[in-house]
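Structure record follows, encoded as structure tokens.
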Number of protein chains: 2
Amino acid sequence: MDMRIKEAVELFQEVLFYGTERVIRSVDNPLWEEFSPEQMQSLKLIGKEGRITSARLAVLQGVHKSAVSNRTKKLLQKELIQVVQTADRREKLLELTDAGKSVLEESDRILAEYLEKLMSEQVDDQEIEQFLVIFRKLSAIMKTDGV
Amino acid sequence: MDMRIKEAVELFQEVLFYGTERVIRSVDNPLWEEFSPEQMQSLKLIGKEGRITSARLAVLQGVHKSAVSNRTKKLLQKELIQVVQTADRREKLLELTDAGKSVLEESDRILAEYLEKLMSEQVDDQEIEQFLVIFRKLSAIMKTDGV
DNA sequence: AATGATAGTTTAGGGGCTAAACCATTTTCC
DNA sequence: GGAAAATGGTTTAGCCCCTAAACTATCATT
């Protein structure tokens, strides 16, 4: 096996599979103690789309509809989202409340602070550029590779 | 806020927080249906250290000891690891069985195949090099930044 | 020998997931 | 127009993971 592939396997697992959880914990964002990553992602997608159905959210998040039902149920209880009824009586459109928007902004702000600090301490300018390039690429791959 | 930081926040979340699960699913490794990422990581660390205590595993994985107890319980039941008793009757050293070693090797082989295919289709040689550089950096950061 | 510390397990409760079952509503077909 | 099929979302059932307290056996200290 190509040594590079072998190394890639190790790094891939270390960073993507096993490192993520550690990063989330080290950011030490109080909001992330109250809202799970799954709930945060739901907020993000709802915010991005403006108004969205549960079905679409399930597709975007790649999970079963009942998982979405459970997530949105909690977000509704926490009043971070609200329902807008459509003509189709079966359907519910979800949108962010002001509180939901605040949570998203605050969460991003804290993560930005964390990254800014991390980057200023451990990464030089050129590496930041490379980081962005590679992550843009990874993001693109994840969106196209049947992922 | 620096636009680059803003972009980094988005990409970071997309790739590390929300993309990982999708990648795991798209690799389509049958072993990963039988063994969770948490169990796989335990196998990996046990394999790397040769013999290891639950306490050390808890530290390396950054989880509570009861989580480790549950993980190793399942791995024992599946006969992927076995216990070696020490002089300290409270303590148990864990080591891989041959079956455990096989699972690790097979899992890595499948992931290597996946990455090789991915890289040959969507990434050029220079990008592979950059990918490795950046991931080495990320891996190093995760090991030192109180992560 | 009694007390405190330690290693690991079990218990309790919270989060997540899949998928079937369920219910109301809409669409399709005859 | 009415019955059957499809659809949107919720609830139920069962499995997984986590944290942390409670618990038990063993070791170390006083």
Side-chain angles (χ1 to χ4, degrees), chain A residues 17-18 20-26 28-43 45-46 49 51-78 80-95, chain B residues 17-18 20-26 28 31-43 46 51-78 80-95:
Chain A
F17 294 3
Y18 311 132
T20 301
E21 193 56 41
R22 282 175 168 273
V23 173
I24 289 178
R25 267 188 241 138
S26 86
D28 194 30
N29 183 341
L31 289 175
W32 293 351
E33 287 175 29
E34 200 177 346
F35 310 108
S36 71
E38 291 77 24
Q39 290 168 33
M40 289 306 305
Q41 188 192 24
S42 301
L43 283 184
L45 291 172
I46 293 168
E49 300 253 325
R51 289 182 177 180
I52 187 172
T53 61
S54 291
R56 180 152 172 74
L57 206 43
V59 169
L60 290 179
Q61 295 187 302
V63 295
H64 197 268
K65 57 182 177 172
S66 59
V68 167
S69 188
N70 196 52
R71 293 180 193 183
T72 54
K73 185 176 185 175
K74 291 182 202 302
L75 294 176
L76 279 167
Q77 287 169 351
K78 295 173 186 178
L80 298 188
I81 63 175
Q82 61 200 3
V83 173
V84 179
Q85 202 57 58
T86 69
D88 183 337
R89 303 271 290 290
R90 298 172 299 182
E91 192 169 80
K92 296 179 183 176
L93 281 184
L94 305 168
E95 68 179 15
Chain B
F17 294 2
Y18 310 132
T20 302
E21 193 58 40
R22 282 177 168 271
V23 173
I24 289 178
R25 268 189 241 137
S26 87
D28 195 30
L31 290 174
W32 293 352
E33 287 175 25
E34 201 176 344
F35 311 107
S36 70
E38 293 77 22
Q39 290 168 33
M40 289 305 306
Q41 190 194 23
S42 300
L43 283 184
I46 293 169
R51 289 181 178 180
I52 188 172
T53 61
S54 290
R56 179 150 174 75
L57 207 43
V59 170
L60 290 179
Q61 295 187 303
V63 294
H64 196 269
K65 56 182 178 176
S66 60
V68 166
S69 187
N70 196 51
R71 292 179 192 185
T72 54
K73 185 175 186 176
K74 290 183 203 303
L75 294 176
L76 279 166
Q77 286 169 351
K78 295 171 184 177
L80 297 188
I81 63 175
Q82 61 202 4
V83 174
V84 178
Q85 202 57 60
T86 69
D88 182 336
R89 305 270 291 290
R90 297 171 302 182
E91 194 171 80
K92 297 178 180 177
L93 281 183
L94 306 168
E95 67 178 17

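Just so it is clear: chains get the letters A, B, ... in the order the sequence lines come, proteins before strands, and each one is counted from 1.
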Item to check | With sequence neighbours excluded, residues passing salt bridge (Lys or Arg N to Asp or Glu O under 4.0 Å) with A/R56 | outcome: A/E49
Checklist entry - D/dC17 C1' sits how many Å from B/M40 CE, rounded? => result 17 Å
Checklist entry - Under 4.0 Å between a side-chain N/O of A/Q39 and OP1 or OP2 of C/dG16, yes or no? => result yes
Next on the checklist: The criterion is salt bridge (Lys or Arg N to Asp or Glu O under 4.0 Å); which residues satisfy it with B/D28, sequence neighbours excluded?
Outcome noted: none
Checklist entry - So, is B/K74 near the phosphate of D/dC17, with a side-chain N or O under 4.0 Å from OP1 or OP2? => result yes
Next on the checklist: Without decimals, in angstroms, what is the distance between B/Q41 CD and D/dC16 P?
Outcome noted: 19 Å
Checklist outcome for this item: Of A/R25 and A/T53, the one whose closest nucleotide on DNA chain D sits nearer the 5' end is A/T53
Checklist entry - Where does DNA chain D pair, written as one dot-bracket string 5' to 3', with Watson-Crick or G-U pairs under 3.5 Å, ( ) inside the strand, [ ] for crossing pairs and | for another strand? => result ||||||||||||||||||||||||||||||
Checklist outcome for this item: Out of C/dG8, C/dT10, C/dT18, minimum distance to the side chain of B/S66 belongs to C/dT10
Next on the checklist: Any non-hydrogen side-chain atom of B/L43 less than 4.5 Å from a side-chain atom of B/F35?
Outcome noted: no
Next on the checklist: Is there a side-chain contact between B/K73 and the phosphate of C/dT10, meaning an N or O under 4.0 Å from OP1 or OP2?
Outcome noted: yes
Checklist entry - So, is B/N70 close to the D/dC16 phosphate, meaning a side-chain N or O under 4.0 Å from OP1 or OP2? => result no
Next on the checklist: What contact category does A/S54 fall into here, base, sugar-phosphate, or nothing, at under 4.0 angstrom with non-hydrogen atoms?
Outcome noted: sugar-phosphate
Checklist entry - To the nearest Å, how far apart are B/K65 NZ and D/dC23 C1'? => result 10 Å
Checklist entry - Considering only heavy atoms, which members of residues 28-38 of chain A lie under 4.0 Å from some atom of DNA chain D? => result none
Checklist entry - Residues from residues 55-62 of chain B sitting under 4.0 Å of DNA chain C, heavy atoms only? => result B/A55
Checklist entry - In whole Å, what is the span from the NE2 atom of A/H64 to the P atom of D/dG9? => result 13 Å
Next on the checklist: Mind checking if A/V68 touches a base, just sugar-phosphate, or nothing, with heavy atoms under 4.0 Å?
Outcome noted: nothing
Checklist outcome for this item: Contact check, residues 80-93 of chain B vs DNA chain C, heavy-atom distance under 4.0 Å, returns B/R90, B/E91, B/K92
